[in-house]
Amino acid sequence: MGFTIGGIREMRSGSRRRVRTTECTAVAEYTGLWGWDVVPGARAASGQCSCGDRGCTAPGAHPLSFAEAVPAGAGLDDVTKTWSRYPGAALMLPVGRAFDVIEVAEPVGRLALVRLERMGLPLGPVCVTPTGRARFFVAPGAAAELPQLLYRMGWDDADLDLRALGAGTYVTAPPSDLGGLGPVRWLRPPTLDTAGSPPQARLLLGTLAYICHRSHTCRRPS
């Protein structure tokens, strides 16, 4: 089954081949180098989702229901064979397998990243979305543990713009665009050390929660 949206149908064959090569190389990096599964995702154009559902509640921000995942470890040949069935698909990563995600506002994430680096704490990959969110990749299990972790740190009753994504959710991976709004970008790209062993959420959570709280307090009218 092919995957097309808008102008993708009208692309010249040479352009299509170049796009596929770029997409497949990116997918193969995630599967072969970082050891992550990749799922073909929908794209959005002019507010319409490529999945074909006019009532789609997350246009351009969900996996294609009919697409098969490319498993961790797949090389370029296997990736090309699978991805050629979905040219133009977004790269989506299933959360809860190799990593969970802690998400905060982008300004909070950027400030926290600087502090965490200065403190010498271990960090995993961090990306930012065109919707103004920063996503910190952490060890699996963070989403389930988040309420208890916040309670232990004394942040359970604070009004924090912070959430965790766990099993059953997906994130759009760079360089794909999110919902037609623009590309997702790395602030800290994955490395051989961090892709397979992201840090425990508790190591980052205190700093993230503190800066979230401070940011919210500073915006509050006096």
Subject >> For T129, all residues meeting side chain to side chain donor-acceptor pair (under 3.5 Å), sequence neighbours excluded >> reply: T131

Subject >> Atom pair CG/CG of L113 and L204 - distance to nearest 0.5 Å >> reply: 9.5 Å

**OP:** Find the distance between CE (M119) and OG1 (T207) and round it off to the nearest 0.5 Å.
**Re:** 4.0 Å

Subject >> Shortest non-hydrogen contact from A201 toward A142 >> reply: CB-CB, 3.6 Å

Original post:
Once you round to the nearest 0.5 Å, how far does CG of L205 lie from CG of L160?
Top reply: 8.5 Å

**OP:** Step through it carefully: locate the ring centre of W34, locate the ring centre of F137, and say whether they are under 6.0 Å apart.
**Re:** no

Original post:
At their closest point, which heavy atom of V108 faces which heavy atom of C212, and how far apart are they?
Top reply: CG1-SG, 3.7 Å

Original post:
Do you know which two heavy atoms are closest between A195 and P190, and how far apart they sit?
Top reply: CB-CB, 4.2 Å

Original post:
Can you name the residues that form a side chain to side chain donor-acceptor pair (under 3.5 Å) with R163, not counting sequence neighbours?
Top reply: E103

Can you give each donor-acceptor pair under 3.5 Å made by side-chain atoms of residues 60-75, sequence neighbours left out, with the distance rounded to 0.1 Å?
| residue | atom | partner | partner atom | Å |
| --- | --- | --- | --- | --- |
| E68 | OE2 | R85 | NH1 | 2.2 |

Original post:
Within the distance-only criterion (no hydrogens, no angle test), does the side chain of Q200 pair as donor or acceptor with the backbone N or O of A139 below 3.5 angstrom?
Top reply: no

Original post:
Per the side chain to side chain contact (heavy atoms under 4.5 Å, CB included) rule, which among T25, T31, V38 passes with V79?
Top reply: T31

Original post:
From R188 CZ over to F136 CZ, what is the distance, rounded to the nearest 0.5 angstrom?
Top reply: 9.5 Å

Under 3.5 Å, which donor-acceptor pairs link side chains of residues 166-185 to any protein atom two or more places apart or in another chain?
| residue | atom | partner | partner atom | Å |
| --- | --- | --- | --- | --- |
| T169 | OG1 | G166 | O | 2.6 |
| S176 | OG | L91 | N | 2.8 |
| D177 | OD1 | R43 | NE | 3.2 |
| D177 | OD1 | R43 | NH1 | 3.4 |
| D177 | OD2 | G180 | N | 3.1 |

Subject >> Student check: side-chain heavy atoms of L33 and L192 closer than 4.5 Å >> reply: yes

Subject >> For T194, side chain to side chain contact (heavy atoms under 4.5 Å, CB included) partners two or more places apart >> reply: P125, T191

Original post:
Would a 4.5 Å heavy-atom cut-off, applied to side chains only, mark R118 and V114 as touching?
Top reply: yes

Original post:
Does the W83 side chain pair with the main chain of A28, one donor and one acceptor, at a distance under 3.5 Å?
Top reply: no

Original post:
From L123 CG over to L116 CG, what is the distance, rounded to the nearest 0.5 angstrom?
Top reply: 5.5 Å

Original post:
Between the side chain of S215 and the main-chain N/O of I211, is any donor-acceptor distance below 3.5 Å?
Top reply: no

Original post:
Do L93 and V101 belong to the same hydrophobic cluster, where Ile, Leu, Val, Met, Phe, Trp and Tyr are linked whenever their side-chain heavy atoms lie under 4.5 Å apart, directly or via other members?
Top reply: yes

Original post:
Of the non-hydrogen atoms in C24 and L76, which two are nearest, and what is the gap between them?
Top reply: O-CD1, 3.7 Å

Pairs of donor and acceptor atoms involving the side chains of residues 143-152, under 3.5 Å and at least two apart or interchain, shall be tabulated with distances.
none

